[in-house]
Structures are given as structure tokens and as C-alpha cells.
Amino acid sequence: MRAIALNYSDRSLIEKDVPEPSLTGAGQVLFRVSEVGICGTDRDLASFRILFPPAGDDYLVLGHECVGEVLAASTDVSKIRTGDLVVPLVRRPCAPACDWCGIERRDLCSSGKYTERGIVGAHGYFTELAVDSAADLVVVPEAIRSYAVLVEPLSVVEKAIGNAFRLHPGNPARALVLGAGAVGLLSAMGLAARGLAVTLTSLEPPGSERARLAEAAGASYETNPTGSFDIVIEAAGAPAAARTALAALGPAGVLVMLGVTKPVEVPMLQLILRNQVVAGSVNAAP
Ligand code: BGC
């Protein structure tokens, strides 16, 4: 079957013929891939700055934001049926399980020996068919079929917003989101749905398609945000966004970093004197 993969021998993005997967044991589910999203992580992988091919392979099938339709399941699987719509979890727990993986918090894996389909050491879903263990699949309602491909990035966003609320000592009222990609727009929606006044900032000019999407998500769109914010979610990936985020953080504010990977100078005295929190967040719990 066809797959889209990164070829690590000559650093190219290729269409590749890969073996069709099939049910080989208990607890498994075979599904047809309906849609796959593309995000900044895929772009980082495709620029070959980070290389995590599965053991023994010189290629990685891309794709981790997936929705599929179940074709068959092993006889012992009861919670998933043929025709169900499923979204795979990206991360596979380490084995033997660390304390976090052992309690279904693979997103907090402390051994670092996890794999992630389409990202770290395991092939992804840019294929026609896939097999996963039922425990790694989430059944989603048919009613959300047309946007179910956003469930995985939304899970990342929901974890980040949950962390921000837990870390804030009061009642956050104003939020700033940096970045107008899927994760930024979903963050704006999630924060607006919780009643916060949300500002979204990005490089695109006002009136651009992404600015309009931000406004449709319930945020005001500003290229140069002013004022201070109780919750700031960084989903832009650029060091400049991290600096803007730190400067916009209000007293007792919480900044959750989702995208920036390069080092950025952090004003420690500001964090101390204003009781601020800067947190990182990755992946999501089942
Ligand atoms: C995915 C996460 C994953 C992270 C780091 C993101 O794009 O949505 O599930 O944990 O990349 O690999």
C-alpha cells in the first residue's frame, strides 16, 4: 500500500510502497485512514533536524493526527466495532512501564523510552490502512466526522489549558494566544469557551484568512498585543513569540509553551517578583 515517508538515506520526502498491516493477535483493530493532519512537528521532521526512525529502518512514515474508520477487530475486542470512527493516541507507553506510563499518563513518561507514531521511533498514519491496539484508539462520534482530524491537536490544547488553570492561583480573565495554526486557533476556542477574553496574535495581517478564523473562534486578532494577560499559550514555534509571551504575562500569570524549541532568555527576576509560571506541555493523556 502507498505511504508518505521521510527517507533518511538521502533526506528526501518520498511516496513509498509499504506492507499492508493485518490483525496478528489479541486486542487489535484494523482501520482505513480517512484523514491525516499536518502540523509544525511534521515540518520539523521533514526538515531533517530531528531524526527518529523506527529501529532497523532508514525511513519514517509520517502522520500522527489521524482519523480512521474501523474495518475489523480481533475477536476479544468489545469496545470498538466495524464502522466506528477512531482517533489514535500518538504516544505508546514505555515498557516496562515507568510510574506515569503505568497509570495511563504516557504523556508524562519519565523514562523517555516512549515511541510516537509518525514522530518518534514508530511509523505513522500517512498510509491507506493501519493496525493499532484497541487501548491506543479513541472512538469519536460520527457527528464530528468532518473535523475529527482535529481531535489529536485538540487533546494537546486541552491538556495545556487544563495545566494553565491548575497553575493559576486566581480566576483568570484575559488570555493571549500566540500563533494562528490549528493549535493556536483551537487554544483560542478552548479559552473563549471557558469565558476568557481572548486575544490571538500572529504574523499574518489583520483581515487575512487566519485572522478571520481567529475572530470566528471568539478571539480579537492583534498583530501587536498590548496589556497583560493571566493565561498565555504559545503555539507559534518561534523564539520571538516566546519573548512576546514573557513580556505580555501579567501578575500571577501562567505561560504554557507548546511550540518553541530554541533557547530563549527568561527574565527570572520578573517571574519571581510577579509570581509568574512558565510551563511546558506535550502530548495528552488518553
Ligand atoms: C503531537 C503530540 C506529540 C508532540 C511531540 C505534536 O505534534 O501532536 O502528540 O507528543 O508533537 O512529538
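Just so you know, ligand 1 is whichever comes first in the structure, and atom 1 is the first atom listed for that ligand. These numbers were taken from a predicted model, which means no experiment stands behind them.
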Numbered in order shown, the ligand 1 atoms found under 4.0 Å of a heavy atom of V156 are 8 (O)
Separation between CG (L249) and CG (D230), nearest 0.5 Å, reads 9.0 Å
In ligand 1, the atoms that come under 4.0 Å of a heavy atom of V90 are 9 (O)
Q | Polar side-chain atom of R274 near backbone of A252 as donor-acceptor pair, under 3.5 Å | A | no
- prompt: Should the pair R117-D132 be classified as a salt bridge under the 4.0 Å nitrogen-to-oxygen rule?
  reply: yes
A student comparing R91, K159, E152, H64 should find that the heavy atom closest to atom 9 (O) of ligand 1 comes from E152
Near N283 (heavy-atom distance under 4.0 Å), the atoms of ligand 1 are 2 (C), 3 (C), 9 (O), 10 (O)
TODO: Look at the side-chain heavy atoms of Ile, Leu, Val, Met, Phe, Trp and Tyr, link any pair under 4.5 Å apart, and say whether L150 and L85 land in one connected group.
DONE: yes
At a 4.0 Å cut-off, with the gap strictly under it, does some heavy atom of P153 reach an atom of ligand 1? no
Taking E128's backbone N and O only, do any of them form a donor-acceptor pair with R2's side chain (distance below 3.5 Å, no angle check)? no
So the atoms of ligand 1 within less than 4.0 Å of a heavy atom of V282 turn out to be 4 (C), 5 (C), 10 (O)
Check your understanding: With the threshold set at 4.0 Å, does a side-chain nitrogen-carboxylate oxygen contact exist between R145 and E142?
Key -> yes
Under 4.0 Å from one or more heavy atoms of C39, ligand 1 contributes atoms 7 (O)
The answer for which part of T41 has a heavy atom under 4.0 Å from ligand 1 is side chain
- prompt: Is any side-chain heavy atom of F31 less than 4.5 Å from a side-chain heavy atom of I80?
  reply: no
of all protein heavy atoms, closest to atom 12 (O) of ligand 1 is E116 OE1, 2.5 Å
